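One structure below.
Every value quoted in this text rests on a predicted model; they were computed, and no experiment measured them.
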Amino acid sequence: MSLSYAECTARERLDLLLDAGSFHEWLPPSERLTSPHLAQLGVPCAFDDGVAIGRATLAGRTVFVAAQEGAFMGGGVGEVHGAKLVGLLQRALRDRPTAVLLLAESGGVRLHEANAGLIAVSEVMRSVLDVRAAGIPVITLIGGANGCFGGMGIVARCTDYIVMSDSGRLAMSGPEVIEASFGVEEFDSRDRALVWRTTGGKHRWLTGDCDELVEDDVQAFREAAICALSAAKPVTSALLETEHALLSARLRDMPPPSDDLDDAMALWQRLGVADAQRIPDIDVAAMHALRVATEAQK
């Protein structure tokens, strides 16, 4: 039976994604590790500061895992939240699990913690790259209702492998942030179709920002994560040059704004995607078939 990944809590995802009963949590809610900044501001705290970290097995192989809870402050990263992620990654350097899984669901840095949150995100990025340099793959799963934005969007793109659902979202700036900064004429955050065409899983998969596109189903995420356990990509100059080439091609292929082609659909057409206008309405299986057909025509 299909079970929506987006509708699960962080701990439900851990229970269903990992081998049954294998998750051992470090710094659980019983430790009452809360943010001192939120307490000073009179803001309600969570006893795990919105992220669960620990050790588990996946298909019998040892993994370290972190799951952000989108229901607490949108999965926002603060000082303690970030420190738990960094500690997990640093322990991975010592204990060398098969892989590290990041179940990302975050709107970015908590505005309540400002600089402390920004520093935390920078430390997470550095730790991710340290783990990758040690040959341990870091795999990001994105499919929560809050998406993966801001600093965590950058963290995700620093990892070896990204799995997204067709309803997942990934970007640097969230739709509301863009609208607040540049106006609704630039980006209407209430236009859900536009938001998903611009930041959704289908778009990110077509443009090379995510490695695997799956349905909004916990079992589909589990199967994709198992396949990604050996997906280490050493951080080399050749890899960086490939990433730069990807970005350069995207800038080259993006057409100038026009009344009828003013968003991602225009880029899909420039990328040679057949029947680009169908993409918002088709399922993941059809997306894979469409991509195969497009590559065959090139």
Side-chain angles (χ1 to χ4, degrees), residues 4-6 104-105 107-108 140-150 152-154 156-157 161-217 220-221 224 242-298:
S4 169
Y5 183 93
E105 182 177 3
T140 302
L141 310 182
I142 302 173
N146 290 280
C148 183
F149 293 103
M152 283 306 298
I154 301 175
R157 289 295 285 127
Y161 200 87
I162 297 177
V163 179
M164 291 184 69
S165 67
D166 59 337
S167 58
R169 290 173 294 155
L170 169 65
M172 172 57 200
S173 296
E176 292 83 1
V177 173
I178 298 174
E179 181 180 308
S181 300
F182 298 101
V184 69
E185 296 82 6
E186 177 68 21
F187 199 88
D188 185 354
S189 64
R190 294 169 297 179
D191 186 340
R192 293 174 60 84
L194 173 64
V195 169
W196 259 265
R197 287 199 305 272
T198 308
T199 66
K202 290 177 180 177
H203 174 66
R204 292 304 178 197
W205 186 64
L206 287 172
T207 57
D209 290 314
C210 95
D211 300 279
E212 184 59 48
L213 181 70
V214 299
E215 294 284 3
D216 176 30
D217 177 69
F221 270 100
T242 300
E243 289 289 333
H244 280 293
L246 174 68
L247 295 173
S248 296
R250 188 176 305 168
L251 286 174
R252 182 190 66 238
D253 292 334
M254 177 58 73
S258 66
D259 291 337
D260 56 341
L261 293 175
D262 60 354
D263 64 23
M265 197 174 294
L267 177 59
W268 302 338
Q269 293 177 354
R270 286 294 184 96
L271 292 174
V273 177
D275 299 325
Q277 68 278 3
R278 294 177 51 225
I279 288 176
D281 301 319
I282 61 179
D283 61 16
V284 170
M287 281 290 297
H288 282 270
L290 183 65
R291 183 165 173 173
V292 170
T294 298
E295 293 177 350
Q297 293 174 1
K298 292 182 178 180

Item checked: Pairs where residues 161-170 contributes a residue and the test side chain to side chain donor-acceptor pair (under 3.5 Å) is met, not counting sequence neighbours -> S165-S167

Margin query: Less than 4.5 Å apart, side chain to side chain, heavy atoms only: is that true for D188 and E179?
Written below: yes

Note to self: Evaluate V184 against R190 for side chain to side chain contact (heavy atoms under 4.5 Å, CB included), listing each step before the verdict.
What the structure shows: CA-CA 9 Å; V184 69; R190 294 169 297 179; 4.1 Å; yes

Notebook entry, point to check: Can you tell me how far the CG atom of D209 sits from the CD1 atom of I142, to the nearest 0.5 Å?
Noted result: 10.0 Å

Item checked: Minimum-distance pair of heavy atoms, taken over all atoms of A156 and C148 -> CB-SG, 4.1 Å

Next item on the list: Give, for atom OG1 of T199 and atom CE of M172, the distance between the pair rounded to the nearest 0.5 Å.
Entry: 14.0 Å

Next item on the list: Given side chain to side chain contact (heavy atoms under 4.5 Å, CB included), test L170 with R157 step by step and report yes or no.
Entry: CA-CA 9 Å; L170 169 65; R157 289 295 285 127; 4.2 Å; yes

Notebook entry, point to check: What closest approach, in Å, do M164 and G201 show between heavy atoms, and which atom pair accounts for it?
Noted result: CE-CA, 3.6 Å

Checklist line | I162 and R204, any side-chain heavy atoms less than 4.5 Å apart | finding: no

Check: Is Y5 close to V214 at the side-chain level, that is, under 4.5 Å between some pair of heavy atoms?
Finding: no

Note to self: As a quick check of understanding, evaluate side chain to side chain contact (heavy atoms under 4.5 Å, CB included) for T198 and L194, giving each step before the final call.
What the structure shows: CA-CA 6 Å; T198 308; L194 173 64; 3.7 Å; yes

Acceptor/donor pairs from residues 277-286 side chains to any protein atom, 3.5 angstrom cut, sequence neighbours excluded:
residue	atom	partner	partner atom	Å
D283	OD1	A285	N	3.4
D283	OD1	A286	N	2.8

Item checked: Spacing of OG1 belonging to T207 relative to CG belonging to L246, to within rounding of 0.5 Å -> 7.0 Å

Note to self: By the salt bridge (charged side-chain N to carboxylate O under 4.0 Å, His left out) test, which pairs, at least two apart or in different chains, include something from residues 141-150?
What the structure shows: none

Checklist line | Qualifying residues under side-chain hydrogen bond (donor to acceptor under 3.5 Å, both in side chains), relative to T140, sequence neighbours excluded | finding: T159

Check: Do side-chain atoms of E105 reach the backbone of N146 as a donor and acceptor pair under 3.5 angstrom?
Finding: yes

Checklist line | D216 (side chain) donor-acceptor with S4 (main chain) under 3.5 angstrom | finding: no

Next item on the list: Answer yes if the side chains of H203 and W268 hold a donor-acceptor pair under 3.5 Å, and no otherwise.
Entry: yes

Next item on the list: For the pair D211 and V163, evaluate side chain to side chain contact (heavy atoms under 4.5 Å, CB included) and give the outcome as yes or no after the intermediate values.
Entry: CA-CA 6 Å; D211 300 279; V163 179; over 6 Å; no

Note to self: Can you list everything that forms a salt bridge (charged side-chain N to carboxylate O under 4.0 Å, His left out) with R192? Sequence neighbours excluded, please.
What the structure shows: none

Checklist line | Pairwise side-chain contact, V177 with F149, heavy-atom cut-off 4.5 Å (strictly under) | finding: no

Next item on the list: Check side-chain hydrogen bond (donor to acceptor under 3.5 Å, both in side chains) between W205 and all other residues, then give those that pass, not counting sequence neighbours.
Entry: none

